[in-house]
Amino acid sequence: MRRIQIIVNNGAGTGQAHRVWNETQRLLRGYKIKYVAHTTRYPGHATKLAEKISSMKDDDPIYLIVVGGDGTINEVLNGIADFDRVRLGVIPTGSGNDFGRNLKLPKTPKESLKQICASIRKDQRGEELYRIDLGQVSWEGCEKPRIFGISAGLGLDALVCKKALHSRLKQVLNRFHLGKLTYLALTVQSLFTMETANAKVITEHGGFILPKMIFAAAMNLPAEGGGVPMAPEASPEDGRLSLSSASGIAKWQTFFLLPFLVAAKQERINGFNIREENGFRVLLDKPMVLHADGEYCGDVTRVEFRCLEKRLWLLHEKEGD
């Protein structure tokens, strides 16, 4: 088996990152798997490591494992220089783990490595691996479009993600393995203080207006923010993104409608909307916060979301296979 490249974020999640990585190393030695580990040292380092690893000068597949959370996975996706050669495996250590949860990936290092090794053997036999779509978001003034695996969004969900990055509440809840509650608490807090914006959405099949838009989230996977099902039917295999939005709803009313969103019943409510397309352009009459996989991108007025069909090879099995 070719030597595996591993990018490790020991600072991810609830403080269990070191434990997960130590267990992973014991398993790798026990399975006699050759590997090279690269530990991240600062924000954005995983992107640079992934770019270097995926630019190696040969024609062989690159087996790359990420030991980290959703933020680390996003950094790695944005560093991959050659998606045709890279096969990605994930051993989760984060507090949210929306990427793995949505795709029903294993939760433990032992089960993760079992799938990863089986997928490598499958790849080396010339058999097809599990392949999924990714998303791409660009905005006015951005130097380079940003890739996302889970979602990218404007408004409330983006504002919550921005606050969560530096939230003391998240640090406290993480200690009790309750990090997912951070997003719910910050959503309630932000809902009553944020400003809405009027939005025009343009697609290849026409356009529509979102007056007093609260959020618009382009979903590649069904759930974000610790498991909130923003677009329950979203699929990473259909070549489309699902734009989930809420607009024209009074903030006090939205507060009482949040349980419907959490229960994946939002389409029953006037003002909630889900639209599936290959891409969306969103024009705003005032700046709103933009995120990609929970990472803050900026305060913007013009955004384009696009699906990158069948872009990523995974070293994991599709659920049901």
Side-chain angles (χ1 to χ4, degrees), residues 96 98 101-102 135 137 148 150-164 180-236 238 240-286 288-294 300-301 303-305 307:
D98 283 307
R101 184 186 295 107
N102 275 290
V137 58
F148 58 92
I150 305 163
S151 66
L154 291 158
L156 180 61
D157 69 320
L159 182 60
V160 169
C161 289
K162 181 181 179 182
K163 290 182 177 181
K180 290 187 293 185
L181 295 179
T182 305
Y183 298 97
L184 180 59
L186 291 176
T187 295
V188 173
Q189 178 201 65
S190 302
L191 184 59
F192 293 101
T193 58
M194 68 168 289
E195 290 190 16
T196 61
N198 296 313
K200 180 179 181 180
V201 182
I202 302 169
T203 77
E204 64 178 7
H205 296 112
F208 53 95
I209 301 296
L210 297 175
K212 296 183 179 179
M213 188 185 80
I214 298 169
F215 68 79
M219 306 296 297
N220 184 49
L221 300 175
E224 66 174 13
V228 179
M230 301 289 279
E233 302 302 319
S235 169
D238 61 4
R240 296 181 294 180
L241 297 174
S242 297
L243 189 72
S244 174
S245 62
S247 63
I249 307 173
K251 290 180 181 179
W252 66 267
Q253 187 180 9
T254 307
F255 174 76
F256 293 103
L257 296 176
L258 280 175
F260 289 90
L261 178 62
V262 174
K265 304 295 184 183
Q266 61 266 44
E267 287 192 272
R268 299 180 181 180
I269 308 299
N270 289 334
F272 281 93
N273 180 60
I274 299 176
R275 178 83 170 261
E276 294 184 345
E277 297 277 357
N278 175 263
F280 301 89
R281 287 178 59 210
V282 183
L283 312 178
L284 305 170
D285 67 349
K286 66 177 68 171
M288 296 191 91
V289 180
L290 172 68
H291 83 91
D293 284 346
V300 303
T301 57
V303 181
E304 182 170 359
F305 305 106
C307 181

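Scope of the values below: all heavy atoms of this structure, side chains included, with no hydrogens, waters or symmetry mates.
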Does a salt bridge link Glu195 with Lys286, judged by any charged N lying under 4.0 Å from a carboxylate O?
yes
Before giving the answer on side chain to side chain contact (heavy atoms under 4.5 Å, CB included), spell out for Val201 and Leu283 the whole-Å C-alpha distance, their side-chain angles and the decisive distance to 0.1 Å.
CA-CA 6 Å; Val201 182; Leu283 312 178; over 6 Å; no
For Ala158 and Gly153, which heavy atoms make the closest approach, and how far apart are they?
CB-O, 3.3 Å
Rounded to the nearest 0.5 Å, what separation is found between the SG atom of Cys307 and the CZ atom of Arg240?
9.5 Å
Take Leu284 and Asn198, measure what side chain to side chain contact (heavy atoms under 4.5 Å, CB included) needs, and give me the verdict at the end.
CA-CA 6 Å; Leu284 305 170; Asn198 296 313; over 6 Å; no
One should read off an interatomic distance between Phe280 CZ and Ser245 OG, to the nearest 0.5 angstrom, of 9.0 Å
Would you sort out whether Phe148 and Ile150 count as a side chain to side chain contact (heavy atoms under 4.5 Å, CB included), showing the intermediate values?
CA-CA 6 Å; Phe148 58 92; Ile150 305 163; 5.9 Å; no
Side chain proximity check, Met288 to Leu290, heavy atoms < 4.5 angstrom:
no
Under 3.5 Å donor-acceptor, Asp293 side chain and Ser151 backbone:
yes
Apply side chain to side chain contact (heavy atoms under 4.5 Å, CB included) to Ser235 and list each qualifying residue two or more places apart in sequence or on a separate chain.
Glu237, Asp238
Measure the shortest side-chain to side-chain distance between Glu276 and Ser242 over non-hydrogen atoms and say whether it is less than 4.5 angstrom.
yes
Which heavy atom of Pro229 sits nearest to which heavy atom of Pro232, and what is that distance?
O-CD, 3.6 Å
Run the side-chain hydrogen bond (donor to acceptor under 3.5 Å, both in side chains) test against Asn278 and tell me which residues pass, sequence neighbours left out.
none
So, does Asp98 use its side chain to make a donor-acceptor pair with the main chain of Gly225 at under 3.5 Å?
yes
Side-chain heavy-atom pair Leu154, Val289 within 4.5 angstrom cut-off:
no
Between Leu241 and Ala218, what is the shortest heavy-atom contact and its length?
CD1-CB, 4.3 Å
Would you say that Glu277 contacts His205 through its side chain, given a criterion of any heavy-atom pair below 4.5 Å between the two side chains?
yes
Side chain to side chain contact (heavy atoms under 4.5 Å, CB included) between Phe215 and Ser247, worked out
CA-CA 7 Å; Phe215 68 79; Ser247 63; over 6 Å; no
Tightest non-hydrogen contact, residues Val282 and Ala199, listed as CG1-CB, 4.1 Å
Checking the side chain of Gln266 only, and the main-chain atoms of Met230 only, is there a donor and an acceptor separated by less than 3.5 Å?
yes
Among pairs that include at least one residue of residues 199-216, which meet salt bridge (charged side-chain N to carboxylate O under 4.0 Å, His left out), considering only residues two or more places apart or in two chains?
none
Does the side chain of Phe272 come within less than 4.5 Å of Ile249's, by heavy atoms?
yes
Heavy-atom count check: over 12 atoms from other residues, nucleotides or ligands less than 6.0 Å from Arg281 CZ?
no
Residues Gly227 and Arg101: closest non-hydrogen pair is N-NH1, 3.9 Å
